[in-house]
Amino acid sequence: MIASGNLRAEFAKVSPEKLSTRRFAFINLESSPSRSPCSSRLGIRASSGRSPRSPNHARSPRSPSIWAVEAVEKILSDSPKSRAIVSKELFNPHPQPAKMVDDVGPSLTRPDGSGDLPKPIDKAGLSASAPQFVPKSAKVTIETPLPELFSDLDIGTIVCVPSVVVKDTDTPDSASTLQSKLLVAAGRGDAEAAGEAFTELEQLGVTPDPATFNGMIHANSRDPAEAKRWLGRMQLAGWAPNTATYSLLVQACAKAGAMEEAEEWFREMESASLVGDEAAYNALISGYAREGLSEQASQWFARMNKATSVPTRQSHASLISAHLAAGDITAANEAVIAMQNSGVEPDVIVFNTMIAAHASRGDLTAAQEWFAKLEATGQAPNDRTYNSLINACAKQGNIASAARWFHRMQAASVVPDTVTFNSMISACASKGDVASAHAWFTAMRQANVMPNDRTWNTMIAACMARKDRAGCEAWFNDMVASGGCPDEVTYNSMMASVVQEGDVVAAEQWFSRMQMEGISPNVITFGTLINGYAGQGNAVQATAWFMRMQNSGIAPNSTTFSSLINAYAKNSDPAGAEYWFGMMTSSGVVANEVTYNTMISAFAKQGNVPRAYHWFTAMQVAGRVRNEVSYNSMINACAKARPPSFSVAAEVLGMMLEDGLHPNAYTLPALLRCCSVASPVEKATATTWFRQFIPRVSLNNHVVRALRHALGSGREFRDELSWARVLKDAGNPGGYRGYDAEGPSHNRPSRRSSTYSQ
């Protein structure tokens with residue numbers, strides 16, 4: 001709204017509702033002898049050129065600048081919260097540079113800060129001590145809260161101020177202002193705000209230029225289809241796409257991961273005889289870097305290097321990231337060297353990237369070397385630098401080194417943040433040191449660093465790993481009391497803490513509370529409940545929760561299916577286990593080692609050697625690695641079979657040894673049971689296997705009972721048991737090479753001949 005001349009009439013057009021929502025009015029007072037006293041500097045003529053103070057409407061003898069002074073003084077005296085921006089001092093014959101004057105109160109301060117203007121200003125606008133002259137021009141901008149301007153100020157006193165411009169949010173913006181708004185909105189990716197500015201430009205009758213259309217393409221960079229639509233509008237308006245247009249389209253597609261389409265736009269730009277700019281090349285390099293396609297990123301980097309666009313720091317950094325995403329840390333190191341050789345000095349971001357890459361691989365030595373290189377450049381490490389090193393120590397379980405880097409971080413005046421403390425807490429929690437984790441949590445609060453949900457989740461998970469149900473509940477309560485927001489990770493940990501105690505009912509209660517809080521359960525949530533009932537052999541409830549998960553639209557994974565199959569296996573229902581295995585494969589879920597081991601175990605518990613061996617073989621055919629559990633289940637099936645399958649057990653044992661696996665405390669008793677149930681009893685083989693494997697196996701009650709069943713309670717059993725005890729008492733520091741079955745049973749292995757540790 002622009003008011004000139006009759007200001008009262010213009011103010012009347014603003015409704016009270018609108019006034020209550022406006023914060024400030026900006027009143028510009030400007031005069032020039034070359035203009036009519038009441039002409040607007042924006043070219044809008046005043047409704048009257050005569051002074052309202054003159055009864056006969058004769059021209060006032062006072063200058064326009066005096067009118068301005070009187071108006072300013074009135075506004076400032078009636079509205080103490082106003083402030084003035086003085087560009088030309090009204091009474092100083094020597095103009096001063098523009099200066100902001102804050103908190104002027106009821107008087108106007110000189111721009112040079114030399115003090116207040118002489119006052120009081122009389123009706124004529126001048127005091128006796130003020131210089132009697134009229135400057136060539138004068139301009140004053142008043143910023144005042146609109147509610148005060150309308151309630152406390154008598155508008156009638158400034159009716160004919162030479163040029164009064166009052167602006168609020170209802171004032172139509174100029175074309176240049178709207179275009180600026182559009183470009184600003186485009187810069188922050190606000191397509192909606194940019195679209196509104198574009199519509200207002202059209203309503204003003206302004207024909208959008210290429211820069212405006214490019215702004216709209218930029219604003220829609222997250223949506224390549226919409227960006228392409230704006231290109232169409234640009235062409236319909238008669239504008240040919242320029243380099244910036246194509247570059248923005250390349251960037252939009254690259255951001256969306258549509259790399260083929262991004263390359264097409266780049267080729268179309270070249271076909272239009274336009275040269276790709278730096279932003280287009282960087283978008284393609286970084287796009288392929290995010291995809292982990294280092295070869296393509298390298299090709300575009302080479303093209304950029306050959307073109308007129310010289311690779312920038314961003315180009316080099318994107319290429320380094322591409323190599324790291326592809327897992328080629330050697331190529332990343334070489335890319336950094338090439339970056340330096342090209343005259344581009346790596347910044348702290350590049351160094352942090354290399355440090356974090358080595359840290360994520362647990363290579364603390366290399367990470368520390370890159371830290372030294374960073375310091376050698378004279379650049380200061382930041383919080384991310386130290387956090388990466390602390391995280392590297394945490395991954396190695398080296399809490400002492402992590403603490404040293406923490407204190408070094410503080411010594412460098414870099415303030416530890418939430419990520420820093422979380423890394424320290426995680427390091428302690430991963431080692432099962434809940435007390436130290438708690439101490440770091442306390443230090444975090446003492447440093448006024450607010451824990452986040454991950455912090456509490458780490459503490460809850462640490463207590464869960466130690467089967468500390470009460471500790472989990474205590475940390476959960478602390479999280480809620482401190483304003484934390486438990487998420488699905490939190491509730492999953494709480495459910496797991498009670499399931500591992502066999503309390504599935506409590507897990508269901510946590511599930512209900514989770515839903516009451518509006519948190520959606522995920523596959524882990526349902527998997528925890530299914531596993532809880534599977535552990536009890538309750539196939540009915542496990543299946544019910546499985547079906548409920550599917551009805552919720554959550555797809556089961558291999559862990560969920562394995563838990564359900566285990567429920568049927570524990571319920572002595574191998575047929576049901578096979579049914580769900582078939583459902584698993586038909587759903588496109590790939591069975592893992594746990595699934596196959598569960599299938600073997602399901603039939604092993606029934607002594608069904610043929611079916612157990614079928615799944616044992618199928619596991620290998622599927623490319624799954626058979627482990628100790630696989631072999632133990634198969635040998636156990638042979639021991640439970642009636643008649644026993646001693647020969648199959650011996651065959652499976654041979655496979656186990658060929659795979660580089662050694663019988664453990666579960667394997668040896670099963671082998672000895674196979675010998676005891678064989679017909680006739682395989683005493684010699686039992687003795688051989690006992691002597692061969694006992695050096696690596698603890699002499700527990702299961703082993704002793706199985707040996708007694710195989711050898712009887714006579715002298716042979718007592719001799720073997722005595723020999724094993726002597727071996728164990730000696731500490732068996734070097735282990736045992738094995739027992740020669742052809743030698744006499746009373747031969748004793750010497751400590752020097754031992755090769756296996758106990």
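Crowding of Arg222 atom CZ: a count of heavy atoms from other residues, nucleotides or ligands under 6.0 Å not exceeding 12. The neighbour count for Arg548 CZ, taken as heavy atoms of other residues, nucleotides or ligands under 6.0 Å away, is above 12. Heavy atoms of other residues, nucleotides or ligands lying less than 6.0 angstrom from CG of Asn477 number more than 12. Within a 6.0 Å sphere centred on CZ of Arg466, other residues, nucleotides and ligands contribute 12 heavy atoms or fewer. Within 6.0 Å of NZ in Lys431 there are 12 or fewer heavy atoms belonging to other residues, nucleotides or ligands. Around CD of Gln620, the count of heavy atoms belonging to other residues, nucleotides or ligands within 6.0 Å does not exceed 12. Within a 6.0 Å radius of CD1 in Ile524, no more than 12 heavy atoms belonging to other residues, nucleotides or ligands are found.
Applying the salt bridge (Lys or Arg N to Asp or Glu O under 4.0 Å) definition to pairs two or more places apart or across chains, none involves residues 534-546. Applying the side chain to side chain donor-acceptor pair (under 3.5 Å) test to pairs two or more places apart or on separate chains, those with a residue in residues 640-651 are Tyr613-Glu651.
You'll find the side chain of Gln500 reaches within 4.5 Å of the side chain of Met464, heavy atoms only. Within the 4.5 Å cutoff, no side-chain heavy atoms of Trp510 are placed close to those of Gln515. Between Glu720 and Ile694 there is no side-chain heavy-atom pair separated by less than 4.5 Å. Looking at Glu508 and Tyr533, their side chains come closer than 4.5 Å, going by heavy atoms from C-beta outward. Using a 4.5 Å heavy-atom cutoff, the side chains of Asp453 and Thr490 are not in contact. Taking 4.5 Å as the limit, some side-chain heavy atom of Phe546 sits within range of a side-chain heavy atom of Thr560. When side chains are defined from C-beta on, Glu501 counts as touching Arg469, because their heavy atoms get closer than 4.5 Å. Here the side chains of Thr595 and Asn592 are in contact, with some heavy-atom distance below 4.5 Å.
A donor-acceptor pair under 3.5 Å links the side-chain atoms of Ser587 to the main chain of Met583, judged by distance alone. With hydrogens and angles ignored, the 3.5 Å screen pairs no side-chain donor or acceptor of Asn571 with any backbone N or O of Ala539. For the pair Ser601 (side chain) and Thr598 (backbone), a donor-acceptor distance under 3.5 Å is absent. A donor-acceptor pair is defined here as one N or O able to donate and one able to accept, closer than 3.5 Å; such a pair exists between the side chain of Ser430 and the backbone of Ala427. For the pair Asp478 (side chain) and Ala474 (backbone), a donor-acceptor distance under 3.5 Å is absent.
Aromatic ring pairs are classed by plane angle as parallel below 30°, tilted from 30° to 60° and perpendicular above 60°; the pair Tyr568 and Trp580 is tilted. Ring-plane geometry between Trp545 and Phe526 is classed as tilted, the angle between the planes lying from 30 to 60 degrees on a 0 to 90 degree scale.
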Does the pair Ser630 and Tyr596 meet the rule for a side-chain contact (heavy atoms from CB on, under 4.5 Å), with working shown? CA-CA 8 Å; Ser630 316; Tyr596 280 102; over 6 Å; no
Between Asn452 and Thr418, is a side-chain hydrogen bond (donor to acceptor under 3.5 Å, both in side chains) present by the stated rule, with each step listed? CA-CA 7 Å; Asn452 58 16; Thr418 304; 5.1 Å; no
Check the pair Trp300 / Glu263 against side-chain contact (heavy atoms from CB on, under 4.5 Å), numbers first and verdict last. CA-CA 10 Å; Trp300 279 102; Glu263 289 194 6; 3.0 Å; yes
Pair Phe511, Thr528 - check side-chain contact (heavy atoms from CB on, under 4.5 Å), show working. CA-CA 10 Å; Phe511 182 89; Thr528 302; over 6 Å; no
Determine, step by step, whether Tyr491 and Phe476 satisfy the ring pair (Phe, Tyr, Trp, His ring centres under 6.0 Å) criterion, reporting the C-alpha distance in whole Å, the side-chain angles of both residues, the deciding distance to 0.1 Å, and the verdict. CA-CA 9 Å; Tyr491 282 101; Phe476 181 91; 5.6 Å; yes
Might you work through the side-chain contact (heavy atoms from CB on, under 4.5 Å) test for Ile329 and His323, ending with a clear yes or no? CA-CA 6 Å; Ile329 199 165; His323 290 307; over 6 Å; no
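Annotation for Ile635 and Ala670: closest pair CG2-CB, 3.6 Å, computed over non-hydrogen atoms. Taking every heavy atom of both residues into account, Ile460 and Cys472 meet most closely at O-SG, 3.4 Å. Of all non-hydrogen atoms in Pro663 and Val697, the two that sit nearest each other are O-CG2, 3.6 Å. Across all their heavy atoms, Ser563 and Gly527 have their closest contact at OG-O, 4.5 Å.
Tested against Trp440 for a side chain to side chain contact (heavy atoms under 4.5 Å, CB included), the candidates Asp433, Thr455, Ile425 yield a single pass: Ile425. Paired with Met494 under the rule side chain to side chain contact (heavy atoms under 4.5 Å, CB included), one option of Arg513, Met514, Glu473 passes, and it is Glu473.
Side-chain contact annotation: Asp659 with Asn627, donor-acceptor N/O pair under 3.5 Å absent. At a cut-off of 3.5 Å, with distance as the only test, a side-chain donor of Arg673 or Asn636 sits close to an acceptor on the other residue. In summary, the side chains of Asn531 and Asn566 do not present any donor paired with an acceptor at a separation below 3.5 Å, with no hydrogens or angles considered.
Remark: Glu682 engages no residue in a salt bridge (Lys or Arg N to Asp or Glu O under 4.0 Å) (not counting sequence neighbours).
Taking the six-membered ring for Trp and the full ring otherwise, the centers of Phe717 and Trp723 sit at least 6.0 Å from each other. Taking the six-membered ring for Trp and the full ring otherwise, Phe421 and Phe441 have centroids separated by 6.0 Å or more.
For the pair Arg611 and Phe603, the cation sits on the ring face: its NZ or CZ lies under 6.0 Å from the ring centre, inside 45° of the axis. A cation-pi arrangement, defined by a distance under 6.0 Å to the six-membered ring centre and an angle within 45 degrees of its axis, is present between Arg626 and Phe616.
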